[in-house]
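Order of the sequence lines fixes the chain letters, A, B, ..., with proteins taken first and strands second; residue numbering starts at 1 for each chain.
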Amino acid sequence: MLDKTFNPADIESRHYQAWEKSGIFAADPASSNTPFCVMMPPPNVTGSLHMGHALNMTLQDILTRYYRMKGRDALWMPGTDHAGIATQMVVERQLAEKQQNRRDMGREKFLEKVWEWKDISGGTITSQLRRLGATPDWPRERFTMDEGLSRAVRRVFVQLYREGLIYRDKRLVNWDPKMLTAVSDLEVEHREIKGKFYHFIYPAEDGSFEIHIATTRPETILADGAVAVHPDDDRYRHLVGKFVVVPVVNRIIPIVADEHVKMDFGSGAVKITAAHDFNDFEVYKRHKDKGIPLINLFTPDGKMNENCPEEYQGLDRFKAREKVVADFEELGYFVKAVDHVYQVPYGDRSGVVIEPYLTDQWYVDAKTMAGPALEAVRSGKTEFFPKTWENTYFEWLENIQPWCISRQLWWGHQIPAWYDDDGKIYVAETEEEAQKLAGAKTITRDEDVLDTWFSSALWPFSTLGWPDNTPELKKYYPGDVLVTGFDIIFFWVARMMMMGVHFMKEVPFRKVYIHALVRDSKGQKMSKSKGNVIDPLDLIEKYGADALRFTMTAMAAQGRDIRLSEDRVEGYRNFATKLWNATRYCEMNGCLPPATFDPKAIQHPVNQWILRTVAQCSADIERGLTEYKFNEAAGAIYQFVWGGFCDWYLEFTKPLLNGDDEALKAEIRATTGWVLDQILILLNPFMPFVTEEIYATITTRASGTRLISSNWPDYSSISEAMPAMRDIAWVQGVISDIRSVRADMNVPAGAKIDLLVKDASPETADRLKRYEVILKQMARLSSIGQTDIPPKQAIKSVIHEATFILPIAELIDLDKERARLTKQIDKLKQDIGKIDQKLQNQEFVANAPEDIIAEQKSRRAEAQGLIAKLSAALDQLAA
RNA sequence: GCGCGGUUAGCUCAGCGGUAGAGCAACUCGUUUACACCGAGUGGGCCGGGGGUUCGAUCCCCUCACCGCGCACCA
């Protein structure tokens, strides 16, 4: 017998360990079963589980468990990502606490420290995934810096280089002055800040005029190389080609005409600082002939360098800003500073202001690689759910910029490129090969590492053993579905598509399910700084992993963010408890899963009804999962278990089990036990722990079988059972109606009352007899009889053709009853009014489909009949 | 500025051409031996505003308003 209340904490780890030990998570490349492959988005190896993971992993686990039960050879490929910048930052911070830094320590020693940290914290997230109940094929777990995956990275780099798709270039990059590395556009976060817009005067070289410019970054004035105006601007047209002097540095620079300038913004004249601004750099390139200088002002860590006047050198860039303003003011070239709101780029990891910075970096020719990746989605080889995300994917790939893949970090895949003393580049997978290419020359390896996303872009095939032609690669590529959040469509999905299509000649996955972001109950994004982070592990502690999983699933409606509130989690914990208690009831009544069960042999309508309802529920779950409508799948099983099974079926059968029809009792016990067993299977992918626990308690099957390895049921042998379905709907209607009336009239719950039925059709009469025991119990009736002359002082309600009469004269509040009947009649009259409006409309009759018209007519007739009977009841009440 | 999404019961959200739904909250009743982490019942909605298409619109189209999120930005 189960305990009285369900305590998730007691059972979860026990079951998980048993599952993992059993080997059920393992894919089998040798099996002939159709594969089902999901690639886990690799979390940061040193990270810990947050709500986004909880959602993402729960959905993948549900799919994996479901398809595994369906007999597919399921591979859920797990692993972690080395997360270059994030991880290196953590370790650097640890060093800083001990007054150390990586440069003093040296590359080798530092990397040892990072690996140490990876070894310490690397297991955290994978053990947390186990707490959640995730069932990936753990022995296959990979790490992006594994030898195998690193080999894939080198192979890809070399091949793309030889194909001309990777090249080295000097361009402006987003430079992080704290991390001292380039970062990609995607790692830059634009924040709106309130700053100043400074207006300055640049005098003409010959003193014949002056021109006003405005800037938010006065410090860059020291590197100004030109002033640009719009070619059509009458105010300045005559000045184009003339020269002005940049005060403070006294540099003579040209005035150029460029369409990039907005005439109506600021003064209409823009200072051009080609080495420190992306737009200015473009202007510079368009005016190569004008001799605009490219001057770099900053040291890598954001201080003023030797290209500045001496008194600036070594100043922090923001201090320099103040000094420029002060110097201009002193020289009389300062006009004004006005408040101005504008966007400033910040490193999303480091949190410092990013500098556009002129450096040599490695690039992927993303534009070329994007073509086939775009085509793959356009042609439907890969499909997004919801489809609207395809727009996001297209938009980004269509406007893609060269992808800067080098990072001035140490933690990551060191770029397989070597240089000789003349700066000639040798790209090869190993140093030996590079040396061979270089001949007798001395070569040194590029110090930089690759962007983390470069290696994760290879994830769908590198984890399967590529570049070797492994059985896994053959069987599981391409994957069936990728489950991920919209925030990494650019970072990861698009790049996997580019790499997958290029190297495998085939998309990496057939479907991409994009799920929502988990927010707090107020709709705010969870963040440490806001302090609104809900830790999934806390929720697991408090309510159990099943409750958390079910909450995520039930709220995972397509195209909408999840606002997580603890109430919901509590509600689904209650759901688990409900099932738990239903099981206790089944145990007490000997309703355990029978060894054999043939749905076709089931006779009693309540039993036929519940069988049919199980089949419907399963169909709804399957549809929900194949269409990625997880919330609908969860809703179907929830409704069925609580509403269908507990509230109705178990209540229907209680009085029958108290009766003396032994054959019927046996059929009910078998059916109840069987349905409970089906519930455990159907619910298992969603709530694996509680279902496994119950299964272990009640199963009569051979010991050692586990729910997790059960087969997903096939209910095709269960008949439609239409007569039973209609009967039970009628029984439910009668019971609800009588209960409602009783409550309205304040009939004490304990009081049993008589029921008289007038105008019962033969079918109704028959039903009253056949379901008498159920009706009596569930509607709290002392007797059921028929009559032609109803007592006057009685409550009446009408179901179909028959009037149901509760002769409770002593309990009736006449006014209340009149009001109740009048309300019902009014509602029906309103309905008829609406229907008549339609039926009297010629165009409706002419255009609407026949079945709709017929439906309206029958609804009208039904309402009419009800009104007649209810009016009669009302009249009698008055008499 | 461009794009995407949202606006439905007090709250959180489903539904998305043909009688408005759920969960939670509220209220009433409840010792009928599975469950108070429960049961039964009740109330509560011009489905954001305005146009249009349609016999018929919460649902499709246009438009406006407000909210959220991307992308791009004016130096």
Shortest side-chain distance from [X], nucleotide among [options]:
X: A/Lys823; options: B/G43, B/A22, B/G30; value: B/G43
X: A/Val270; options: B/A75, B/A34, B/G18; value: B/A75
X: A/Lys578; options: B/C4, B/A75, B/C35; value: B/C35
X: A/Ala743; options: B/G41, B/C55, B/A34; value: B/G41

Rounded to whole angstrom units, what separation is found between the [atom1] atom of [X] and the [atom2] atom of [N]?
X: A/Gln864; N: B/U19; atom1: CD; atom2: C1'; result: 17 Å
X: A/Glu627; N: B/A14; atom1: CD; atom2: P; result: 16 Å
X: A/Gln401; N: B/A72; atom1: CD; atom2: C1'; result: 11 Å

Output yes when at least one side-chain N/O atom of [X] is less than 4.0 Å from OP1 or OP2 of [N], else no.
X: A/Asn847; N: B/C55; answer: yes
X: A/His340; N: B/A75; answer: yes
X: A/Lys838; N: B/U54; answer: no
X: A/Trp642; N: B/G39; answer: yes
X: A/Arg563; N: B/C13; answer: yes
X: A/Ser740; N: B/A40; answer: no
X: A/Asn746; N: B/C29; answer: no
X: A/Lys827; N: B/U19; answer: no

Give a yes or no on whether a salt bridge exists between [X] and [Y], defined as a side-chain N under 4.0 angstrom from a carboxylate O.
X: A/Arg584; Y: A/Glu587; result: no
X: A/Asp264; Y: A/Lys262; result: no
X: A/Glu355; Y: A/Arg217; result: yes
X: A/Asp831; Y: A/Arg859; result: no
X: A/Asp836; Y: A/Arg860; result: yes

Original post:
Base, sugar-phosphate alone, or nothing: which one does A/Asp647 contact when heavy atoms must sit under 4.0 Å apart?
Top reply: sugar-phosphate
Original post:
Within the structure shown, what part of the strands sits under 4.0 Å from A/Lys834 by heavy-atom distance: base, sugar-phosphate, or nothing?
Top reply: nothing
Base [N] to side chain [X], donor-acceptor N/O within 3.5 Å cut-off:
X: A/Lys629; N: B/A14; answer: no
X: A/Glu651; N: B/A40; answer: no
X: A/Arg573; N: B/C37; answer: yes

Say whether, by atom type as modelled, one donor and one acceptor occur between the side chain of [X] and the main chain of [Y] under 3.5 angstrom.
X: A/Arg549; Y: A/Phe686; result: yes
X: A/Asp677; Y: A/Gly673; result: no
X: A/Ser858; Y: A/Glu855; result: yes

Original post:
Is RNA chain B part of any stem, that is, at least 3 consecutive Watson-Crick or G-U pairs with both distances under 3.5 Å, and where?
Top reply: B:1-7 with B:65-71, B:10-13 with B:21-24, B:26-30 with B:38-42, B:48-52 with B:60-64
